[in-house]
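A short write-up of the structure that comes next.
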Amino acid sequence: MAGWVRAARRTAASIGLAVALLTTGVACTGDDNASTGGEVSAGQGVIGEAPVASDADLAASPTAQAIKARGTLVIGGDENLPLLSQRNPITGSTDGFDATLGKMLAKYIIGRPNVNIVTTTPETREAMLKTGTVDAVIRIYTITAERAQRVAFAGPYLLSGQAIATLKGTTGIDDPGDLNSKTVLAVAGTTSVAAIQQRAPGAKITTFGTAEECVQALEQGKGDAYVHDLTVLAGEAQLDSKLQISGQPFTSEPYGIGLKLDDDSFKRFVNEWLRKIEAAGLWQRAWQETLGTVVTGGVPSPPAIGSVPGS
């Protein structure tokens, strides 16, 4: 029942956003492949200012040239991740931080934000890259040295990690040390439990089977705080106005853009694009307009490209 309620709230939130846009006079085509002013969605202003690769840039990557000739960038991703990549059921547009980056990358290559999102899972993403089913995977894909034996990673483009959520109005819980002597909720079997034990050994940990159950327990006063990955908490906070996220992540999960192994020229091409949007402040604006709408503490600095093992 809890999962059904959460799904219903997720749909309602998307519909509410769409209605708000429409009632304020914003026109949406509902087509992620729109090339000019017809599509207006979260991040569209950023996309409009995003750079386009020069002929010399494209010449350095046969893969980029092939994508431009095709006219569409095929991304392995998701359309049900709030604040990251979520399809609006009214407009048909896919919005969020990852979705915005995907559209900016498509514009850089093709000249227009033409994107086709193919649903991927942790079990299928490596095979899809290997077979060329997708050009890139942009879906909270943590870079590790072990994974880098099978896929290439551009980036990292985002640092996430374990973070703290509390009920709005709660004060005095801003970092892991504040969790000592508190009752902290976490999903059983996740890295959240070990992170709490390491950073707040004096905390009392209460676990539940799902994220939805943790949120319900927090609302019912069964805990003082809830610890989970920042991207999960951000999505929950978007759906539930009672939640707030306190501070930045206190562990590190570097997300990369998954690419086909051994395509070094395309990896350099994508990394150069990341540098350009970061230098222009477009990465920061995309974060602010998506994850930054619920994460407190200001816009973080983009992670240094190539800064983690496997990148």
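All residue numbers refer to positions in the sequence shown, counting from 1.
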Please report the shortest heavy-atom distance between D224 and T166, naming the atom on each side. O-CG2, 3.7 Å
Roughly how far apart are L83 CG and L239 CG, rounded to 0.5 Å? 8.0 Å
Short side-chain donor-acceptor distance under 3.5 Å, T131 and T133: yes
Flag side-chain contact, heavy atom, 4.5 Å: Y141 against Y255: no
Side chain N114, main chain G71, donor-acceptor under 3.5 Å: yes
Under 3.5 Å, is there a donor-acceptor pair linking the side chains of D229 and S160? yes
Taking T121's backbone N and O only, do any of them form a donor-acceptor pair with T124's side chain (distance below 3.5 Å, no angle check)? yes
To the nearest 0.5 angstrom, please state how far the CG atom of L185 sits from the SG atom of C214. 5.5 Å
Decide yes or no on side chain to side chain contact (heavy atoms under 4.5 Å, CB included) for D78 and T120, but give the supporting numbers first. CA-CA 7 Å; D78 201 321; T120 59; over 6 Å; no
Check the pair L261, K130 against side chain to side chain contact (heavy atoms under 4.5 Å, CB included), reporting the backbone distance first and the verdict last. CA-CA 7 Å; L261 187 65; K130 184 176 181 179; over 6 Å; no
Please check: side-chain N/O of Q162 versus main-chain N/O of F250, any donor-acceptor pairing under 3.5 Å? no
Which atom of I143 lies closest to which atom of G310, heavy atoms considered: CG2-C, 3.7 Å
Within the structure provided, determine whether P254 and S311 are in side-chain contact (heavy-atom separation under 4.5 Å). no
Go through the steps for I140 and L84 under the test side chain to side chain contact (heavy atoms under 4.5 Å, CB included), then give the verdict. CA-CA 8 Å; I140 53 174; L84 290 168; 3.5 Å; yes
Taking all non-hydrogen atoms of both residues into account, name the closest pair between L167 and Q244 and its distance. O-NE2, 3.5 Å
Tell me whether L179 shares a hydrophobic cluster with V215, the cluster being built from Ile, Leu, Val, Met, Phe, Trp, Tyr side chains joined at under 4.5 Å. no
Single-linkage hydrophobic cluster, 4.5 Å side-chain cutoff, V46 and I110 together: yes
4.5 Å side-chain heavy-atom contact, I245 and Y226: no
Sub-4.5 Å side-chain heavy-atom contact between Q197 and I205: yes
Test of understanding: clusters of I, L, V, M, F, W, Y form through side-chain heavy atoms closer than 4.5 Å, transitively. Do I196 and L233 belong to the same one? no
Does the side chain of L274 reach to within under 4.5 Å of the side chain of E278, using non-hydrogen atoms? yes
Measuring only between side-chain heavy atoms, which start at C-beta, is T144 closer than 4.5 Å to F153? no
Testing the basics here: between T72 and D135, what is the closest heavy-atom pair and its distance to 0.1 Å? O-OD2, 4.1 Å
From I117 atom CD1 to E79 atom CD, the distance as rounded to the nearest 0.5 Å: 4.5 Å
Keeping to residues at least two apart or across chains, list the salt bridge (charged side-chain N to carboxylate O under 4.0 Å, His left out) pairs with something in residues 262-272. E272-R275
So does L282 get a backbone contact from the side chain of E49, meaning a donor-acceptor N/O pair under 3.5 Å? no
Examine V74 and W273 and state if one hydrophobic cluster contains both, with Ile, Leu, Val, Met, Phe, Trp and Tyr joined whenever side-chain heavy atoms are less than 4.5 Å apart. no
Is a donor on one side and an acceptor on the other found under 3.5 Å between the side chain of N271 and the backbone of I305? no
Could you tell me whether the side chain of K103 and the main chain of D95 form a donor-acceptor pair under 3.5 Å? no
May I ask you to say whether D57 pairs ionically with K276, meaning some side-chain N is under 4.0 Å from a carboxylate O? yes
Are the side chains of L105 and L73 in contact, using a 4.5 Å heavy-atom criterion? yes
Does the S246 side chain pair with the main chain of I173, one donor and one acceptor, at a distance under 3.5 Å? yes
Evaluate side chain to side chain contact (heavy atoms under 4.5 Å, CB included) for L81 paired with T231, printing each intermediate quantity in order. CA-CA 9 Å; L81 293 174; T231 56; over 6 Å; no
For A165 versus L218, what's the shortest heavy-atom pair and its separation? O-CD2, 4.1 Å
About how many Å separate CZ of F269 and CD1 of I67, when rounded to the nearest 0.5 Å? 8.0 Å
Just do the salt bridge (Lys or Arg N to Asp or Glu O under 4.0 Å) check on E126 and R147 with the steps written out, would you? CA-CA 9 Å; E126 290 178 3; R147 285 176 176 167; 5.2 Å; no
In Å, rounded to the nearest 0.5 Å, how long is the span from CG of N180 to CZ of R199? 10.5 Å
Sorted by chain and residue number, the ring pair (Phe, Tyr, Trp, His ring centres under 6.0 Å) partners of Y157 (sequence neighbours excluded) come out as none
Identify whether V137 and I257 are in the same connected component of the hydrophobic contact network (ILVMFWY, side-chain heavy atoms under 4.5 Å). no
Any T207 side-chain heavy atom under 4.5 Å of V187 side chain: no
Closest heavy-atom pair and its distance - W283, L158: CZ2-CD1, 4.1 Å
N/O donor-acceptor pair under 3.5 Å between K107 side chain and V52 backbone: no
When you measure from the side chain of D240 to the backbone N and O of A237, does any donor-acceptor pair fall under 3.5 Å? no
Between the OG1 atom in T94 and the CG atom in N88, the distance rounded to the nearest 0.5 Å is 9.0 Å
